[in-house]
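Sequential numbering from 1 along the given sequence is applied to the chain's residues.
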Amino acid sequence: MMNFVTCQMRFPNADTGAHAHDVEHGGSTSSTATEESRPLHIAIDSNPEPDQAVQEVGNDGFQGAEDLIKTVQVQAIIAAPQTLAEANFMARLGNHNRIPILSFSGISPTSEQPYTMPYFVQTAANDLLQTKPIVSIVMYFSWPKVVLVCEDSAYGTSILPRLTNELEGKGSRISEVVLVPVGATDGHLVKVMDRLKHMETRVFIVHMRSSLAARIFVMANGARMMSKGYAWIATSSFGNEVGSLGSHDINSMEGVVTLRPTFIETDHVKRFFAKFQRKISSYDDHFHNDPSMLLLWAYDAAWAIATAAEKARLSSLASTSGTQHKLPITGGMLLVSVLKTTFDGLAGKFKLNNKGYQQWSMSYDILNVIGKGTRTVGTWTQEHPSLICSKNIIWPGVSTNVPKVSSTKDLRIAVPVNHGFQEFVNVSSNKFTGCCIYLFERVMKELKYEGKYEYVQDNDIGDITITATRMENVMFTVPFTEIGWTMMVVAKKDSWKSMWIFEKPFTKTLWLASFVLCCFTGFVVWVIEHRINPEFRGTPWEQFGTTFYFIFSTMVFSHKERLQSNMTRMVVIIWVFFMLILTSSYTANLSSMLTVQHLRPTVTDVEELIRCNYPVGYQEGSFVKDSLMDMGFLQPNLRSLSTMEQYNQALSNGSVKAIFDEIPYLKLVQSQFPNKYTMAGPIYKSGGFAFVFQEGSPLGRRVSQTLMKMLESTRNNTAVNFTSICLENPITSVNKKDSDDSPRLDLSDFSGLILISTTVSGLMLLIHLATFVYKEFPELRAAVPGESGWASLQWVRAFFRHFDSRDPNSHNFRVQQQDGIMMNERERENRVPEGDGDEEAAMATGGGGSTTSGRGNVANSQTRSRRTTRAPPQCGSAS
């Protein structure tokens, strides 16, 4: 809370030789002042360290300050706001009343624009400027991560954005932010220390007011966090006040590194502090205060307003020709005069910019708390923005070794003892093995954990299942096994499914598409070969049988029919290639399915087990027992089992109908006893196996993140590796899958070949029909009456009648016809007696009743000619 006292600054007449300013408290004036002098009233904050319970200055405070300004006619205020709310209040107060507010605190109001807060003048260094030297300290010691511990207020969190921006791109970051309430009790601070103690990062940046920071360090010392391996960096709000702390507090924070703006301890500064100590000692004999920047800034602020007031008075006198009794000094005049005031103050050069902020080049001293005080170990300047260490820093624990960011303390890791499933965790002769141990060590290797760890027998690591009750007390990593639990029952061979396994390699769609394509290809072959190939002629049933026998026999390449057309040969070549690929794929897929045992569970209904009061088993000590009882199973029907041999024995002799357990355990049993048991029924949700850490453990979060990265990696799938490690005999079917779930070939797998075969067959069919219509059009036209149109029934009948006839121009039929005629002539010759040649010739040439066609006469003439030239003359024949 801000408390104000007023003081008067009186200006003597121009002809007096009094000092430029004499200040008196309580209204009593200086002896050098005269009754004609005109006073300047200034309000000064008498309590720069505010009440910690007060966070905001409300309307009552604003009204009280208004009353003070109007009653006493205050023309300037010197204050040290300790919160952002107070700074905003003072800036608003100055703007409203048009009086300058000189702040010797590093806290700035929310808006730093000169036109929105023109009457707020900050004579101290802005607190946010210290982020650069803090980052330089972090970079100097190469800390990749830090933890920010700040006051839970607008002042405390205001440093976060600036500090984050400064760290960006420099290889470091703020890993966590811990907020501490301003009025935190000791119990709350103990919880904060416990949280910080379990963090992996051991470098802490503390940004809060000095009183709260001192309590933090005292608590840290009590929690043994002011020891080797820790680093504490306090901001300037603590560094400016560290000299005023008692010896008990100082002893609790040995090794803390802090900073404060640099000031030169000149003789003038020494005399000021000596005089200040004498003045204060007259009120408090136990008061002790080392040189503080807050005191120097306060003194320089008072000197600045006094100097500015005197300059404003002299300027007014000069402009009004000496009529001093009519000179009012307004707030605006004082503000302009203050902004123009420059002098060498106790804290350094006093010079303001047009925004009302100090514009000197800032530099900071790096202080190390050691013994009963501090010592300067380095400096940082804006001209050379890097840390320059002149001495070794003594870190907490009286160590000169630079603390590391990560905790490398040794770990004691508890391991459960499970005698039944030692493939997961096996403890024998203080030797810890198993896939859970292997996986944990692999994760720690990925983390590059530098500390050592030892295993002890307990219940905090290994095959621990995540449950809601357990999550209330500990922190689990992400699960590294399959999630859920179900039942395992005896399996028997499924003979019905085995009988129809031949149709499983293809889907129904592919079977149907193959049959349709087969029919279409056979139809194309018949259309092209029907008129030219006698093997595709005969009665309709003979043609149908021949065509489909031919096309189906191509599947096994056993067809014997000779093809006459090149177009047909093209269609069949593509079809045979398609069948080669199809049959090969079918054979391979069917062979794969025949190697899998087709098993089905003897029990599938959990409700049947409950209704019939069948005994069921569960793993000893598992949460599954409670879940089974919640489902309706009676206690007498539950059997506790602990080993895989007991699982096998109980299911084999029928002492239990089913065993309920988590999927990883059941898979392990299946691998040990293949083809005997199978999982059935619904899968009930559970958390899966995970590693367990203390609540809030940073190492637990890192292990969880590493596990998730390994699970997401397709190259290094942890779930698959985990199963292969734990299962010595891989399970052929890890779930309830059978041949129905095996990969079946679909239409899409052969869509390219089907498209090619269909296209070629359709193209050949169109070419053949077009050629037929073109060549046979005259005969088709002659066979149909002139009045009939193209679409008439006569045309259709004529087309099919003509198409069903043989093609006389076909090479095959011409050769066959010629060979048939020759054969008939030979048979006739063999039947004619010798010497009857002339009579035969006369009958052939005579016109009396011969009905032989011209084509027959020509053939007979050719036959006789060949016979005459081929056979020698016979005795007694006609000449």
Verdict with supporting geometry, Val527 and His768, side-chain contact (heavy atoms from CB on, under 4.5 Å) = CA-CA 8 Å; Val527 169; His768 175 74; 3.7 Å; yes

Can you find a heavy atom in the side chain of [X] that is under 4.5 Å from one in the side chain of [Y]?
{"X": "Asp661", "Y": "Met488", "answer": "no"}
{"X": "Val443", "Y": "Met710", "answer": "yes"}
{"X": "Phe424", "Y": "Leu668", "answer": "yes"}
{"X": "Leu651", "Y": "Val489", "answer": "no"}
{"X": "Leu628", "Y": "Tyr618", "answer": "yes"}
{"X": "Glu529", "Y": "Ser565", "answer": "yes"}
{"X": "Val603", "Y": "Pro601", "answer": "no"}
{"X": "Val427", "Y": "Lys431", "answer": "no"}

Measuring from [X]:[atom1] to [Y]:[atom2], what's the distance to the nearest 0.5 Å?
{"X": "Ile659", "Y": "Thr486", "atom1": "CD1", "atom2": "OG1", "value": "12.5 Å"}
{"X": "Met629", "Y": "Lys625", "atom1": "CE", "atom2": "NZ", "value": "6.5 Å"}
{"X": "Phe506", "Y": "Leu747", "atom1": "CZ", "atom2": "CG", "value": "11.0 Å"}
{"X": "Cys612", "Y": "Glu607", "atom1": "SG", "atom2": "CD", "value": "11.0 Å"}
{"X": "Met764", "Y": "Leu769", "atom1": "CE", "atom2": "CG", "value": "12.0 Å"}
{"X": "Met579", "Y": "Ser584", "atom1": "CE", "atom2": "OG", "value": "10.0 Å"}

Donor-acceptor check, side chain of [X] to backbone of [Y], threshold 3.5 angstrom: yes or no?
{"X": "Asn637", "Y": "Pro615", "result": "no"}
{"X": "Thr477", "Y": "Ala690", "result": "no"}
{"X": "Tyr684", "Y": "Val624", "result": "no"}

task = Give the ring-plane orientation class for Trp541 versus Phe544, where under 30° counts as parallel, over 60° as perpendicular and anything between as tilted.
result =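 Geometry flag for Phe544 against Trp541: perpendicular rings.
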
task = Identify, with sequence neighbours excluded, every residue that meets ring-ring contact (aromatic ring centres under 6.0 Å, His included) alongside Phe432.
result =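 Phe432 satisfies ring-ring contact (aromatic ring centres under 6.0 Å, His included) with Tyr455 only.
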
Under the ring-ring contact (aromatic ring centres under 6.0 Å, His included) test, residues paired with Phe660 that sit two or more places apart =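 For Phe660, the residues satisfying ring-ring contact (aromatic ring centres under 6.0 Å, His included) (neighbours in sequence not counted) are Phe633.
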
Restricting to non-hydrogen atoms, name the atom on [X] and the atom on [Y] that form the minimum distance, rounded to 0.1 Å.
{"X": "Gly484", "Y": "Ile683", "result": "CA-CG2, 4.1 Å"}
{"X": "Ile483", "Y": "Pro479", "result": "CD1-CG, 4.0 Å"}
{"X": "Leu745", "Y": "Ser585", "result": "CD1-CB, 3.5 Å"}
{"X": "Glu620", "Y": "Ser642", "result": "OE1-CB, 3.5 Å"}
{"X": "Phe520", "Y": "Ser761", "result": "CE2-CB, 3.5 Å"}
{"X": "Ile610", "Y": "Met631", "result": "CD1-O, 3.5 Å"}

Is it true that, when you exclude [X] itself, more than 12 heavy atoms of the residues, nucleotides or ligands shown sit nearer than 6.0 Å to its [atom1]?
{"X": "Met471", "atom1": "CE", "answer": "no"}
{"X": "Glu608", "atom1": "CD", "answer": "yes"}
{"X": "Met444", "atom1": "CE", "answer": "yes"}

request  = Mind running side-chain contact (heavy atoms from CB on, under 4.5 Å) on Thr587 and Ser591 for me, showing each step along the way?
outcome  = CA-CA 6 Å; Thr587 303; Ser591 300; 4.3 Å; yes

task = Apply side-chain hydrogen bond (donor to acceptor under 3.5 Å, both in side chains) to Asn648 and list each qualifying residue two or more places apart in sequence or on a separate chain.
result =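 In terms of side-chain hydrogen bond (donor to acceptor under 3.5 Å, both in side chains), with neighbours along the sequence ignored, Asn648 is linked to Ser652, Lys676, Tyr677.
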
request  = Report yes or no: do Thr465 and Glu662 form a side-chain donor-acceptor pair below 3.5 Å?
outcome  =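 Per modelled atom types, Thr465 and Glu662 side chains form a pair under 3.5 Å.
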
request  = Indicate, with yes or no, if the rings of Phe476 and Phe693 have centres closer together than 6.0 Å.
outcome  =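 Ring-ring flag for Phe476/Phe693: false, centres at least 6.0 Å apart.
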
ask   = Does the pair Arg569 and Val572 meet the rule for a side-chain contact (heavy atoms from CB on, under 4.5 Å), with working shown?
value = CA-CA 5 Å; Arg569 295 187 182 104; Val572 173; 5.8 Å; no

key: Charged tip of Lys657 within 45° of Tyr614 ring normal and under 6.0 Å   =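 Yes, Lys657 lies over the aromatic ring of Tyr614.
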
task = Can you run down the ring-ring contact (aromatic ring centres under 6.0 Å, His included) pairs that involve residues 637-657, sequence neighbours left out, and say none if there aren't any?
result =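 Only Phe421-Tyr647 qualify under ring-ring contact (aromatic ring centres under 6.0 Å, His included).
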
task = May I have all residue pairs that pass side chain to side chain donor-acceptor pair (under 3.5 Å) and include part of residues 505-522, sequence neighbours excluded?
result =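 Listed by first then second residue: Thr507-Asp746.
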
inquiry  = I'd like to check the salt bridge (Lys or Arg N to Asp or Glu O under 4.0 Å) partners of Glu441; sequence neighbours left out, ordered by chain and number.
reply    =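 Applying salt bridge (Lys or Arg N to Asp or Glu O under 4.0 Å) to Glu441 gives none.
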
key: Check against side-chain contact (heavy atoms from CB on, under 4.5 Å), Phe578 and Leu517   = CA-CA 10 Å; Phe578 168 73; Leu517 183 61; 3.7 Å; yes

message = If you apply the rule ring-ring contact (aromatic ring centres under 6.0 Å, His included), what do you find for Tyr665 with Phe689, and how did you get there?
response = CA-CA 11 Å; Tyr665 292 120; Phe689 293 175; 5.3 Å; yes

request  = Take Thr706 and Glu446 through the test side chain to side chain donor-acceptor pair (under 3.5 Å) and record every step on the way to the result.
outcome  = CA-CA 7 Å; Thr706 304; Glu446 290 286 335; over 6 Å; no

